[in-house]
Amino acid sequence: MAELVVLKLGGSVLTDKKKALTANKKVIARLAKEVGEVINSAQVRVVVVHGAGSFGHILAKKYGLQGGVHDASQRIGFAETHAAVTELSQLIAREFAKNNVPAIPVYPLLTARQQNKKLVSFNHQVVKDLLFAGLTPIVPGDVVLDGALAGSICSGDASAPWLARALEAKRMVFGVDVEGVCTTDPKKDRKAVLIPEITSKNINQVLASLGGSSAPDVTGGMRGKIMELAEQAKATPITIVNALKPGRVRDALLGKQVTGTRVLF
Ligand code: IPE
């Protein structure tokens with residue numbers, strides 16, 4: 001059977017993060033074409049996890065959902081946020097269909113549970129069955145039920161590694177809006193250098209090379225992110241690529257050598 005890859009597309013790639021409910025339609029159409037080429041080559045099966053971008057974060061902030069769902073207004077916000085997320089997933093699914101990919105949204109709200117903002121279960125059987133039927137599951141970042149907080153936000157960054165592990169995916173591809181993991185934040189620092197590979201051999205060196213004394217926050221943030229990626233990569237190797245550059249997501253899905261960061265443990 002064709003190997004399985006979990007693709008996570010960031011919300012900042014798919015949407016204009018500053019404008020509420022605004023999709024980057026051209027980028028979505030191009031990515032649908034790239035993923036379509038890969039899936040229809042029959043070499044690879046893909047589970048697509050996508051961020052919510054401006055279909056999620058703006059509403060979640062407006063209603064203060066980061067701290068849970070505690071009153072009637074927040075329950076409205078919870079419902080509104082889920083509705084917005086489903087709109088983005090449907091929009092992506094329609095673009096995929098135009099490229100001969102029968103994509104079906106699977107909402108974490110209905111299949112996953114969290115405890116204090118931490119993902120504790122994801123019924124991956126439905127994802128598995130969709131793949132078996134030759135369909136392509138699309139899993140958004142979503143609001144979900146939370147045993148401690150009634151509701152909380154489940155990021156695609158949590159569901160992607162969960163599904164990759166549960167479905168024994170061959171690798172994960174993270175499509176982001178920068179070249180990959182860099183020594184400092186490339187959006188703020190022109191001297192940021194791309195780290196092409198992170199393995200058990202160089203991780204200590206990579207962590208030591210991060211940032212400078214003038215940027216302790218950036219360093220702390222990057223350090224945490226790299227440690228998390230390393231942990232995830234123990235189960236599933238990761239390739240992080242710039243999804244705004246045509247062809248990178250396609251090549252990474254196919255397992256080709258591509259500009260980005262490979263995390264292998
Ligand atoms: C966020 O999902 C979900 C909501 C705010 C409802 P992600 O964390 O996966 O989204 P991005 O990639 O940051 O936009």
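Position 1 is the first residue of the sequence; numbering continues from there. Just follow the structure's listing: the first ligand is 1, and inside any ligand the first atom is 1.
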Among protein heavy atoms, which sits nearest to atom 10 (O) of ligand 1, and what does the distance come to when rounded to 0.1 Å?
Ala52 N, 3.1 Å

Minimum non-hydrogen distance to atom 1 (C) of ligand 1, winning option of His57, His82, Lys17, His50:
His57

Pairing of Lys8 and Asp157 as salt bridge, 4.0 angstrom limit
yes

Nearest neighbour in protein (non-hydrogen) for atom 6 (C) of ligand 1:
Thr81 CG2, 3.7 Å

Short list, please: which atoms of ligand 1 are under 4.0 Å from a heavy atom of Gly10?
12 (O)

For ligand 1, find out whether one of its N or O atoms is nearer than 3.5 Å to an N or O atom of Gly156.
yes

Salt-bridge criterion met for Arg223 and Glu228 (N-O under 4.0 Å)
no

Looking at Asp142, which atoms of ligand 1 are within less than 4.0 Å of one of its heavy atoms?
3 (C), 6 (C)

Crowded around Gln125 CD? As in, over 12 foreign heavy atoms under 6.0 Å?
yes

Checking Thr22 against Asp16: is there a side-chain donor and acceptor pair closer than 3.5 Å?
no

Hey, is ligand 1 close enough to Leu9 that some N/O pair sits below 3.5 Å?
no

Out of curiosity, does Leu109 fall in the hydrophobic cluster containing Val106 (side-chain heavy atoms, cut-off under 4.5 Å, transitive links)?
no

Can you tell whether the side chains of Asp146 and Lys118 come within less than 4.0 Å, N to carboxylate O?
no

Contacting atoms of ligand 1, where contact means under 4.0 angstrom from a heavy atom of Gly141:
2 (O), 3 (C)

If you have a sec, work out which protein heavy atom is nearest atom 12 (O) of ligand 1 and how many Å separate them, to one decimal?
Gly11 N, 2.8 Å

What protein heavy atom sits nearest atom 5 (C) of ligand 1, and how far off is it?
Gly56 C, 3.5 Å

Within reach of ligand 1, part of Lys8 (heavy-atom separation under 4.0 Å):
side chain

Is it true that Glu3 and Arg171 have a side-chain N and a carboxylate O under 4.0 angstrom from each other?
yes

Identify the two heavy atoms, one from Leu119 and one from Ala158, that lie closest to each other, and give their separation to 0.1 Å.
CD2-O, 3.8 Å

Just distances here: any N/O of Ser155 and N/O of ligand 1 closer than 3.5 Å?
yes

Any side-chain donor paired with an acceptor under 3.5 Å for Glu95 and Asn99?
no

Around atom 4 (C) of ligand 1, find the nearest protein heavy atom and jot down its residue, atom name and distance.
Ile153 CG2, 3.6 Å

Identify the protein heavy atom lying closest to atom 14 (O) of ligand 1, giving its residue, its atom name and the separation to 0.1 Å.
Gly53 N, 2.8 Å

